[in-house]
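The structure under discussion appears below in the form of structure tokens.
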Amino acid sequence: MSLLWVILGFILLVVGGEFLVRSSVALSFKFSISKMVIGMTVVSFATSAPELLVSLKAALIGAPAMAINNVVGSNIANIGLVLGITALVGSIAVDKSFYKVNWPVMMLFSIALYFFLKNDSILTALEGGILFIGLILFLFLLIRNTKKNTIAEEVDESLAVVSNFKIFLWLLIGGTSLYFGSEWLVEGARDIAISIGVSDAVIGVSLVAIGTSVPELAASVIAAAKQEKAISLGNLIGSNIFNIASVLGLTAMIKPIVIPVDEPQILTNDIFWMLGFAAILLPMIFIKKRFQISRIKGFFLVFAYGIFMFLVFTSGKI
């Protein structure tokens with residue numbers, strides 16, 4: 001029965017995320033916000049909603065290891081699984097903004113998270129606020145420095161003419177789906193963890209993390225199969241930044257996240273995998289087939305993710 005709740009939770013998170021993105025973009029058009037700003041802010045916040053709801057729910061019910069590892073695992077999955085599989089479908093071009101802006105900012109937030117947690121094994125409300133303020137500052141600078149004619153390709157122009165009633169209905173469906181999806185996923189995942197004898201941290205970094213990354217994976221593979229440019233390396237890097245700064249930042253501001261003493265692997269293992277997957281991207285784009293994430297590189301990422309998952313489950317027994 002727990003597996004059924006997890007599956008239903010996954011489905012609702014995908015549905016809820018899609019409707020929330022659509023309604024948010026349509027609402028933004030109503031307020032005459034440019035496509036560029038919508039793409040960099042509204043869409044990014046909306047696509048982080050599944051992770052936010054799941055981490056917040058986990059923190060509130062006393063499962064902080066799942067809350068933190070949902071984000072750590074999602075960031076690993078975004079690079080190892082989503083980017084890797086997408087590259088296997090079709091090579092991904094890398095532009096200069098990756099190594100000039102996106103990658104350094106992602107590493108900065110990732111390292112900041114590590115030091116905040118390593119300091120006292122707690123992500124406090126103040127530290128969460130620092131992460132979130134850092135995100136707002138980053139977005140402000142990004143929007144200010146972006147050329148006026150830049151078009152956010154992932155923003156659907158047809159959403160500019162959606163009726164107010166439809167926007168309200170989408171918001172209602174999206175919000176309700178995300179709420180119940182997060183409830184069922186977290187509760188089902190905790191029951192599975194208990195039944196198979198692994199910890200909340202293991203389930204958080206694997207099953208729950210993959211579940212909250214399903215929307216990105218589905219969208220990336222579909223876009224790559226259609227040879228569209230809607231999903232780029234920048235989108236996934238941006239998702240990782242938002243996961244740390246908005247998901248963990250906001251969650252910690254509402255309820256500080258304490259790493260349990262019986263889950264030391266979060267700081268001694270899991271977070272280093274997250275840092276490693278992030279760091280490897282920079283040298284990867286400068287080796288053979290420069291400025292491309294080729295199929296071979298994609299295979300390497302998926303293979304490395306497979307090793308990570310194997311080690312998580314073989315060393316994560318309670």
Side-chain angles (χ1 to χ4, degrees), residues 1-14 50-82 84-85 113-114 117-118 121-123 180-214 216-217 240 243-244 247-248 251-252 255 257-277 301-318:
M1 190 65 186
S2 297
L3 182 59
L4 177 62
W5 287 123
V6 168
I7 293 172
L8 288 175
F10 282 167
I11 294 171
L12 285 183
L13 287 176
V14 173
E51 284 90 344
L52 175 60
L53 266 291
V54 168
S55 286
L56 186 56
K57 168 66 179 176
L60 291 175
I61 67 169
M66 189 178 294
I68 192 80
N69 260 11
N70 170 39
V71 167
V72 171
S74 288
N75 282 13
I76 295 171
N78 276 347
I79 296 174
L81 189 65
V82 179
I85 291 177
L113 175 64
Y114 170 71
L117 291 173
K118 181 178 174 56
S121 296
I122 301 173
L123 189 64
F180 285 104
S182 64
E183 289 267 331
W184 295 348
L185 176 60
V186 172
E187 295 292 349
R190 289 201 82 189
D191 290 342
I192 290 175
I194 293 169
S195 65
I196 65 176
V198 297
S199 66
D200 283 347
V202 169
I203 290 296
V205 83
S206 56
L207 184 64
V208 175
I210 292 173
T212 54
S213 293
V214 165
E216 287 95 337
L217 177 59
N240 281 13
N243 281 346
I244 293 172
V247 175
L248 287 182
T251 299
K255 183 178 177 61
I257 305 172
V258 182
I259 295 182
V261 292
D262 59 344
E263 302 280 13
Q265 78 278 10
I266 294 175
L267 279 178
T268 60
N269 184 69
D270 300 342
I271 202 163
F272 285 110
W273 276 92
M274 182 188 80
L275 291 168
F277 269 97
L301 289 173
V302 174
F303 181 72
Y305 186 76
I307 293 174
F308 166 68
M309 292 298 289
F310 173 77
L311 294 174
V312 162
F313 279 97
T314 55
S315 62
K317 293 290 182 179
I318 295 174

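Quick caveat, the model's predicted, so the values are computed rather than measured.
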Return the CG to CG distance between Asn243 and Asn75, rounded to the nearest 0.5 Å. 5.0 Å
So which heavy atom on Ser74 is nearest to which on Asn240, and how close? O-OD1, 4.4 Å
Under the side chain to side chain donor-acceptor pair (under 3.5 Å) test, which residues partner Glu263, sequence neighbours left out? Ser199, Gln265
Taking the inter-plane angle between the rings of Trp5 and Trp184 on a 0 to 90° scale, is it parallel (under 30°), tilted (30 to 60°) or perpendicular (over 60°)? tilted
What distance do Ile210 atom CD1 and Asn78 atom CG have between them, rounded to the nearest 0.5 Å? 11.0 Å
Solution key, residues 58-72 side-chain donor-acceptor pairs under 3.5 Å, sequence neighbours excluded:
unit_1	atom_1	unit_2	atom_2	d
Asn69	ND2	Ala201	O	3.0
Asn69	ND2	Asp270	OD2	2.8
Asn70	OD1	Thr212	OG1	3.1
Asn70	ND2	Glu51	O	3.2
Asn70	ND2	Ser55	OG	2.9

Measure the spacing between CD1 of Ile122 and CD1 of Ile257 and express it to the nearest 0.5 Å. 11.0 Å
Rounded distance [0.5 Å steps], CZ in Phe272 versus CD1 in Ile266: 13.0 Å
Over all atoms of both residues, closest heavy-atom pair of Ser206 and Val202: OG-O, 2.5 Å
Pairs satisfying salt bridge (Lys or Arg N to Asp or Glu O under 4.0 Å), at least one member in residues 57-71, at least two apart: Lys57-Glu183, Lys57-Glu187
Could you tell me which non-hydrogen atom of Ile192 sits nearest to which non-hydrogen atom of Ser195, and how far apart they are? O-OG, 2.9 Å
Could you go step by step and tell me if Arg190 and Asp200 meet the side-chain contact (heavy atoms from CB on, under 4.5 Å) rule? CA-CA 6 Å; Arg190 289 201 82 189; Asp200 283 347; 3.1 Å; yes
For Phe308 and Trp273, take the angle between the two ring planes, folded into 0 to 90°, and tell me which bin it lands in: parallel under 30, tilted 30 to 60, perpendicular over 60. tilted
Determine the minimum heavy-atom distance between Ala193 and Ile203, stating which atoms define it. CB-CG1, 3.2 Å
For Val208 and Ala189 the tightest heavy-atom approach is CG2-CB, 3.6 Å
Just how far is it from atom CD1 of Ile259 to atom CG of Leu267, taken to the nearest 0.5 Å? 3.5 Å
Atom pair CE (Met274) and CD1 (Ile244), whose distance is rounded to the nearest 0.5 Å: 4.5 Å
For residues Phe10 and Leu207, report the shortest heavy-atom separation together with the two atoms involved. CZ-O, 3.5 Å
Heavy atoms, side chains only, cut-off 4.5 Å: are Tyr305 and Ile85 in contact? no
